[in-house]
Amino acid sequence: MLNTVIVGASGYAGAELAALVHNHPQLTLGALYVSAGSQDAHKPFSALHTQWLGRVDLPLLPLDEEGMSRILTQADLVLLATAHEVSADLAPKLLAKGVTVFDLSGAFRVKQDGFYEQFYGFSHAAPEWLDQAVYGLAEWNAEAIQGATLIAVPGCYPTASLCALKPLMAKGLIAAGSLPIINAVSGVSGAGRKASLTTSFCEVSLNPYGTFNHRHQPEISHHLGCEVLFQPHLGNYVRGILATLYVQLADDVTPEQVEAAYREAYAGKPLVRLTGSAPSVRGVAGTPYCDLAWQQQGKMLVVFSAIDNLLKGAASQAIQCINLKYGFDAGCGLVS
């Protein structure tokens, strides 16, 4: 059993991680941490997330010097569900002591000059680790994840988008010089647990945001290998992402080639489902799946991708990466 610690366990993704680790047959939930100054410090986890009352009642410990010392001496692996700057600071300290790190923030996802200053608003504290971090897109980077000690779990929008686009890119089916367009809607849980008027459920309608400057656009472009146009929207529901992607295909690409690309890419990968009909948020909410479907007319292809932003877009994909790293079955702890 691998002693597993979660830092940032009070947030939505952290809470999902705690539940998944608790239920995983190969992991032991060793401790849950929050920042040293958090108002949630010392509260039972189940006091914040009451559905886990009587099952996960561990305290939310403050990450002070004593807490860090315990992690460094006791943890086999650490899951960071922390702010980007915090992950950039914590991960190197853990890695230096031989602790494997699965980071759910954006701190190690992209190696590109000026990226963090421009899109995250901070100067990276450990740029030397950007070379060694492996992007944890589970279905596409399995071999690299197995050999990594720092796994950067992808963002939720990039997961939905890249799962849809990478099979086409891998087979050269996207027209050269074209710009795939991604129109995606996320539930409000994607904004995190911290109170904000703009993400208050009573204030949210269906509205676009982040036009031309959302940090996930360069992440998607970087890991796809071509520029995309990405427009996110905030939806008035709790969890889930539905992305509709518009792709111009190369000349003479047939429907049979498109279907073969998807079936080959995801053969033997049970957490991506090719649904045949348009997927829905309802169909994936509370599950670890990415549901994909597509329709083609001539050179135009429309792809639909649906995930749970807190699971396949965060916590369950982190568990997938753990399963890959340690040789467990892909769905271990995620599906019956």
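- Side chain of S38 to backbone of V34: no donor-acceptor contact under 3.5 angstrom is found.
- Note: F115 and Y120 meet the aromatic proximity criterion, with ring centroids under 6.0 Å apart.
- Checking E139 against Q320 by side-chain atom types alone, a donor-acceptor pair falls below 3.5 Å.
- In plain terms, the two heavy atoms of R55 and Q51 that are nearest each other are NH2-O, 2.6 Å.
- No donor-acceptor pair under 3.5 Å is formed between the side chain of S46 and the backbone N or O of H49.
- Electrostatic pairing of E264 and K171 counts as a salt bridge here, judged by a charged N lying under 4.0 Å from a carboxylate O.
- How far CG of D40 is from OG of S10: 4.5 Å, rounded to the nearest 0.5 Å.
- Between F122 and Y116, the angle of the ring planes lies from 30° to 60°, which puts this pair in the tilted group.
- Considering only heavy atoms from C-beta on, L311 stays 4.5 Å or farther from T287 through its side chain.
- Tracing side-chain contacts under 4.5 Å through hydrophobic residues (I, L, V, M, F, W, Y), one reaches V335 starting from I322; they form part of the same cluster.
- Closest approach of S305 to A164, counting heavy atoms only: CB-CB, 4.1 Å.
- Summarising the geometry of A306 relative to S280, their closest heavy-atom pair is CB-O, 3.7 Å, with the distance given to 0.1 Å.
- L137 and L80 are members of different hydrophobic clusters when ILVMFWY side chains are connected at heavy-atom separations under 4.5 Å.
- Annotation: H233 is not in aromatic contact with Y209 [ring centroid separation under 6.0 Å not met].
- At a threshold of 4.5 Å between non-hydrogen side-chain atoms, the residues F45 and P59 do not count as touching.
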task: Could you go through the side-chain contact (heavy atoms from CB on, under 4.5 Å) check for L150 and Q132 one step at a time?
output: CA-CA 7 Å; L150 173 56; Q132 300 179 59; 5.9 Å; no
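- Taking the six-membered ring for Trp and thresholds of 30 and 60 degrees, F102 and Y326 have ring planes inclined between 30 and 60 degrees apart.
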- request: Go through the steps for T244 and I181 under the test side-chain contact (heavy atoms from CB on, under 4.5 Å), then give the verdict.
  value: CA-CA 8 Å; T244 302; I181 298 172; over 6 Å; no
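- Residues L27 and L334 share a single hydrophobic cluster, defined by chaining ILVMFWY side chains whose heavy atoms lie under 4.5 Å apart.
- Checking side-chain atoms of S69 against main-chain N and O of G67 turns up no donor-acceptor pair under 3.5 Å.
- Using modelled atom types and a 3.5 Å distance limit, the side chains of S87 and T82 yield a donor-acceptor pair.
- When all heavy atoms are compared, the tightest approach of A261 to L173 is CB-CD1, 3.9 Å.
- Side chains of L61 and R70 form a contact here, defined as non-hydrogen atoms less than 4.5 Å apart.
- Taking the side chain as every heavy atom from C-beta outward, V56 and L29 approach each other to under 4.5 Å.
- Note that the OG atom of S316 and the CG atom of L20 stand 6.5 Å from one another [nearest 0.5 Å].
- More than 12 heavy-atom neighbours from other residues, nucleotides or ligands sit within 6.0 angstrom of CG on N213.
- Across every non-hydrogen atom of P25 and C332, the tightest pair is CG-SG, 3.6 Å.
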task: Determine, stepwise, if the pair V101 / L77 fulfils side-chain contact (heavy atoms from CB on, under 4.5 Å).
output: CA-CA 6 Å; V101 174; L77 62 98; over 6 Å; no
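- Heavy-atom neighbours of E143 CD from other residues, nucleotides or ligands within 6.0 Å: at or below the threshold of 12.
- Put simply, the residue from N207, V185, L206 that forms a side chain to side chain contact (heavy atoms under 4.5 Å, CB included) with L234 is N207.
- Side chains of L274 and W294 form a contact here, defined as non-hydrogen atoms less than 4.5 Å apart.
- A parallel orientation is assigned to the rings of Y266 and Y262, their planes being inclined by less than 30° (bins at 30° and 60°).
- The line from CG of L242 to CD1 of I307 is 10.5 Å long, rounded to the nearest 0.5 Å.
- Defined by atom type and a distance below 3.5 Å, a donor-acceptor pair is present between the side-chain atoms of Q231 and T211.
- Cluster annotation: L95 is connected to L63 through the hydrophobic network of ILVMFWY side chains, with a link wherever side-chain heavy atoms come within less than 4.5 Å.
- Electrostatic pairing of R263 and E259 counts as a salt bridge here, judged by a charged N lying under 4.0 Å from a carboxylate O.
- Looking at T275, its side chain does come within 3.5 Å of a backbone N or O of L292 through a donor-acceptor pair.
- If you take CH2 on W140 and CD1 on I145, they are separated by 13.0 Å, rounding to the nearest 0.5 Å.
- Minimum interatomic distance between Q74 and N3 (heavy atoms only, all atoms of both residues): O-ND2, 2.8 Å.
- I151 and L90 fall into different hydrophobic clusters, defined by Ile, Leu, Val, Met, Phe, Trp and Tyr side-chain heavy atoms under 4.5 Å apart, directly or through other members.
- Taking CG of L72 as the start and NZ of K93 as the end, the distance is 9.5 Å to the nearest 0.5 Å.
- For N141 (side chain) and G136 (main-chain N/O), no donor-acceptor pair under 3.5 Å exists by modelled atom type.
- Ring pair H124/F108: centre-to-centre distance below 6.0 Å.
- With contacts defined as side-chain heavy-atom distances shorter than 4.5 Å, the pair I6/V21 qualifies.
- Between H24 and F328, the gap from one ring centroid to the other is short of 6.0 Å.
- Judged purely by atom type and a 3.5 angstrom limit, N323 uses its side chain to pair as donor or acceptor with the backbone of A330.
- Relative to the ring axis of W129, K111 does not place its NZ or CZ within 45° and under 6.0 Å from the centre.
- No side-chain donor-acceptor contact under 3.5 Å links S161 to the backbone of P158.
- At least one donor-acceptor pair closer than 3.5 Å links the side chain of R109 to the backbone N or O of V153.
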Verdict with reasoning, V258 to L249, per side-chain contact (heavy atoms from CB on, under 4.5 Å): CA-CA 9 Å; V258 171; L249 297 170; 4.2 Å; yes
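- Looking only at distances, a side-chain donor or acceptor of Q317 sits under 3.5 Å from a matching main-chain atom of K312.
- More than 12 heavy atoms of other residues, nucleotides or ligands shown are found within 6.0 angstrom of CD on Q112.
- Of the possible polar contacts, one joining the K166 side chain to the H223 backbone as a donor-acceptor pair under 3.5 Å is found.
- To the nearest 0.5 Å, atoms OG (S178) and NZ (K299) are separated by 8.5 Å.
- With a 4.5 Å cut-off on side-chain heavy atoms, V7 and L79 do not count as touching.
- By the 4.5 Å heavy-atom criterion applied to side chains, P232 and S186 are not counted as neighbours.
- Counting non-hydrogen atoms of other residues, nucleotides and ligands closer than 6.0 Å to NZ of K97 gives a total of 12 or fewer.
- Counted within 6.0 Å of CG on D252, heavy atoms from surrounding residues, nucleotides or ligands total 12 or fewer; the atom is thus considered open.
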